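One structure is given below, encoded as structure tokens.
Just so you know, these numbers come straight off a predicted model, no measurement behind them. Every number for a ligand or one of its atoms is a count from 1 in the order of the listing.
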Amino acid sequence: MTWHNSLQWLQTLVAFDTTSRNSNLALIEHVQSALAGVGVQAELMHSPDGSKANLFATLPAQDGGVQGGVVLSGHTDVVPVDGQPWSSDPFTLTQRGERLYGRGSCDMKGFIAVALALVPEFLAMPRRQPLHLALSYDEEVGCMGAPVMIDALVRRGARFDGCVVGEPTSMQVVVAHKGINLYRCRVHGRAAHSSLTPRGSNAIEHAARLICHIRDLAEHFAAHGPYDEFFDVPFTTLTTNEIRGGIAVNTIPDLCEFSYEFRNLPGMSAQWIQAQVQEYVHSQLLPRMRREHEGARIDIEPVAAAPALEAAEDAAITQLVRALTADQGTRKVAYGTEAGLFQQAGIPTVVCGPGSIEQAHKPDEYVELAQLQACERFLRRLAQSL
Ligand SMILES: [Zn+2]
């Protein structure tokens, strides 16, 4: 059989509409059967409801060894195109000049396409260490898929020497990003006719107090640090981005729901920050609400969390990727990736992939041909070094 090159693989991958709200199974099963065609048995790790899957495959070392080696990691889902003005069909890879347009071309099917295109070459190389492919689902909605795969690998005692997450970095080496932690909060008060205000407990007003407290914490970190000047925003941020409450202009609202997030610097504990929020709820806000209404409640549930990344400069994978890309810069980025999850599982990880984050998530997302070629050279040499 003839194996696809990078461009053909990218065409194929972009054509699957793997917007996070959709299943990614068609794409995953297509890759699985293509790999089977060249003798690589890929394993699927499904989402709890079975509608999506991660794919994990090992290209063993020359001696058949499957432990150690490097993981090439990418997410298969893409962000929606709803309401975006595209010049061509987002799910048909379209070349105009030196650019390849399509949803996911940059974030991050480009990296996956190159890795897949090189599989036959990887298999033919006399490698002393294995190479692994890890494709996840639901990264864009809060890194829901990768933990399922990483947990399964850790449970069975799989060991890896390093991991490259191929998010778009223009083929530069990204060694750190912040953590992302998203929470949903429901404030339960008591309804009343607004002419009888003292009989109610106004959920919106109490939610507002908590939101302002979150804002105060954010201002504290902005004013007092800790700081890491390598980040665009060099401190931990907290923000409330959604709120809903109330049913009528003359009714005391019994429910207010809002979502807040914080993005912590790698050195700062996400648990500690959340504990500051909880402490305010339990020591101040809830006692105050319960004086109005005994049954008042504030429920806070975690929606998504992706740990921060801080790669060790002396880790073998950091040094290898730096050598292969000739990039010695210290780059720490604002966006989150799955790299923190691999790092947390004890796998030294860096982020390096084709395309610019500037094009990610936008209408007319594209990757430059030269970026795919640079990624090919990079992955070929990375595999040769094994
Ligand atoms: Zn991405």
If the threshold is 4.0 Å, N to carboxylate O, is there a salt bridge linking [X] and [Y]?
X	Y	value
Arg209	Glu205	no
Glu261	Arg263	yes
Asp107	Arg103	no

Exercise for the section: Quick one: report the N, O or S atom of Glu167 that is nearest to the Zn ion (ligand 1). Expected result: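 Atom name returned: OE1.
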
Problem - Atom of Asp107 closest to the Zn ion (ligand 1), considering N, O or S atoms - result: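 Minimum-distance N/O/S atom of Asp107 relative to the Zn ion (ligand 1) is OD1.
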
Problem - Pair Phe16 and His30, ring centroids less than 6.0 Å apart - result: yes

Practice task
Report yes or no: does Glu139 have an N/O/S atom closer than 2.8 Å to the Zn ion (ligand 1)?
Solution key: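 Given the 2.8 Å cut-off, Glu139 does not count as a ligand of the Zn ion (ligand 1).
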
